[in-house]
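Worksheet: the structure to be examined is printed underneath.
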Protein chains: 2
Amino acid sequence: MPDTGPGRDWTDPACPVARTVDLVGDRWSLLIVRDAMDGPASFTELRQGLGIARNILSDRLRRLVEHGVLSTSPSGKRHVYELTAAGKDLFTAIVALRQWGERHAFADGEPRSHLLDAEGRPVVELRPHGQDGTPLTADTTRVQKSGRDR
Amino acid sequence: MPDTGPGRDWTDPACPVARTVDLVGDRWSLLIVRDAMDGPASFTELRQGLGIARNILSDRLRRLVEHGVLSTSPSGKRHVYELTAAGKDLFTAIVALRQWGERHAFADGEPRSHLLDAEGRPVVELRPHGQDGTPLTADTTRVQKSGRDR
DNA sequence: TCCATTCGGTTTCAAAATGAAACCATTGAA
DNA sequence: TTCAATGGTTTCATTTTGAAACCGAATGGA
């Protein structure tokens with residue numbers, strides 16, 4: 001596990017939301033990961049697809065590799081960036097953000113892209129559930145602090 | 001719907017992921033929303049809970065209100081910030097980020113908070129599904145561009 | 001073989017965002 | 001009526017971002 005121990009200073013060390021935001025919660029990282037979901041990508045492919053400045057892309061790729069979200073060919077050669085298992089696992093979070101955007105960030109009739117399954121049908125909307133299958137909201141859940149510290 | 005039409009310039013206008021990131025994808029916004037999930041909160045409560053600078057909090061609250069994520073008392077009085085329906089709907093996305101963080105951003109044994117349902121059981125892990133119930137990944141889905149433009 | 005081009009960056013520098021601290025106008029309680 | 005707390009805004013230094021120029025190592029074509 002890369003760089004999760006002490007030494008790094010988290011916005012809120014015990015909160016998994018804050019840690020995730022610390023790692024990928026900037027203007028570009030999640031979009032890089034989104035594009036990498038389509039398969040391994042080169043520096044220039046990512047740069048052109050995103051319209052990101054070279055130095056920023058360079059920095060973000062380094063960070064994402066350091067944090068175990070992307071991997072890249074061993075060294076020195078023509079690099080190709082590819083999602084690790086942890087990176088691929090961001091799929092769910094990206095889908096959640098996408099679905100929120102679809103519901104709340106488009107005016108009626110504005111053109112948008114759609115996420116479809118292999119048969120061309122839209123992906124079902126994500127919803128948190130309890131273990132008995134009941135849908136959950138913020139009102140029906142609570143955050144239990146870390147155990148040791150309270 | 002606040003501020004989604006032309007006039008605003010999006011990182012990637014047709015992509016719901018990019019729009020969501022444009023609206024709440026900075027270092028603080030999602031954490032403000034996370035804290036607001038516990039119920040209406042005042043400026044100072046949020047500030048103390050997050051350790052955010054006053055001017056930045058002020059700016060983020062203004063943005064979140066403008067974008068319809070938070071609401072606040074009509075004007076001039078002691079403000080209380082409260083999630084709108086769109087804000088509450090970010091619950092799913094925050095849970096997805098939380099669960100990714102739990103899986104990938106903690107070393108073994110590091111203390112962390114947990115999200116529990118009303119009976120104190122952990123929330124089930126989110127997973128995208130197709131309409132026939134099959135689990136989906138990036139490899140078994142595709143993004144269809146906006147229709148009009150290709 | 002030479003030359004041009006592409007790739008994957010780094011460096012430089014200006015502009016924008018962030019954050020700490022000071023300041024200020026209301027509110028409400030003593 | 002004074003005093004402290006709230007909910008900010010302003011100021012200014014530091015950090016981050018981004019555009020552009022630069023650079024060395026591979027390709028690739030004549």
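Below, chains carry the letters A, B, ... as their sequence lines are ordered, and counting in each starts from 1. This structure is a prediction, so every number in the text was calculated from the model and none was measured.
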For [X] and [N], give me the distance from atom [atom1] to atom [atom2], rounded to whole Å.
| X | N | atom1 | atom2 | value |
| --- | --- | --- | --- | --- |
| A:Leu46 | C:dC7 | CG | C1' | 13 Å |
| A:Ile32 | C:dG8 | CD1 | C1' | 15 Å |
| A:Asn55 | D:dA19 | CG | P | 9 Å |
| A:Arg63 | D:dT16 | CZ | P | 10 Å |
| B:Arg47 | D:dT6 | CZ | C1' | 11 Å |
| A:Leu61 | C:dT10 | CG | P | 10 Å |
| B:Ile56 | D:dG7 | CD1 | P | 18 Å |
| A:Phe43 | D:dA26 | CZ | P | 17 Å |

Ignoring backbone atoms, test whether [X] places a side-chain nitrogen or oxygen under 4.0 Å from the OP1 or OP2 oxygen of [N].
| X | N | result |
| --- | --- | --- |
| B:Tyr81 | D:dT6 | no |
| B:Arg27 | D:dT16 | no |
| A:His79 | C:dG9 | yes |
| B:Trp28 | C:dG19 | yes |
| B:Arg54 | D:dT11 | no |
| B:Ser58 | D:dT9 | yes |

What I want to find out is whether [X] reaches [Y] closely enough, with some N-O distance under 4.0 Å, to be called a salt bridge.
| X | Y | result |
| --- | --- | --- |
| A:Arg63 | A:Asp26 | no |
| B:Arg62 | B:Glu66 | no |
| B:Asp22 | A:Arg27 | yes |

Contact nearer the 5' end of DNA chain D, comparing A:Ala53 with B:Arg62: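 Closer to the 5' end of DNA chain D: B:Arg62.
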Using only atom types and a distance under 3.5 Å, with no angle test, would you say the side chain of A:Thr20 pairs donor to acceptor with the backbone of B:Gly101? yes
Which class fits the ring pair A:Trp100 and A:His104: parallel under 30°, tilted 30 to 60°, perpendicular over 60°? tilted
Counting any heavy atom closer than 4.0 Å, what does A:Asp59 reach on the DNA or RNA strands: base, sugar-phosphate only, or nothing? nothing
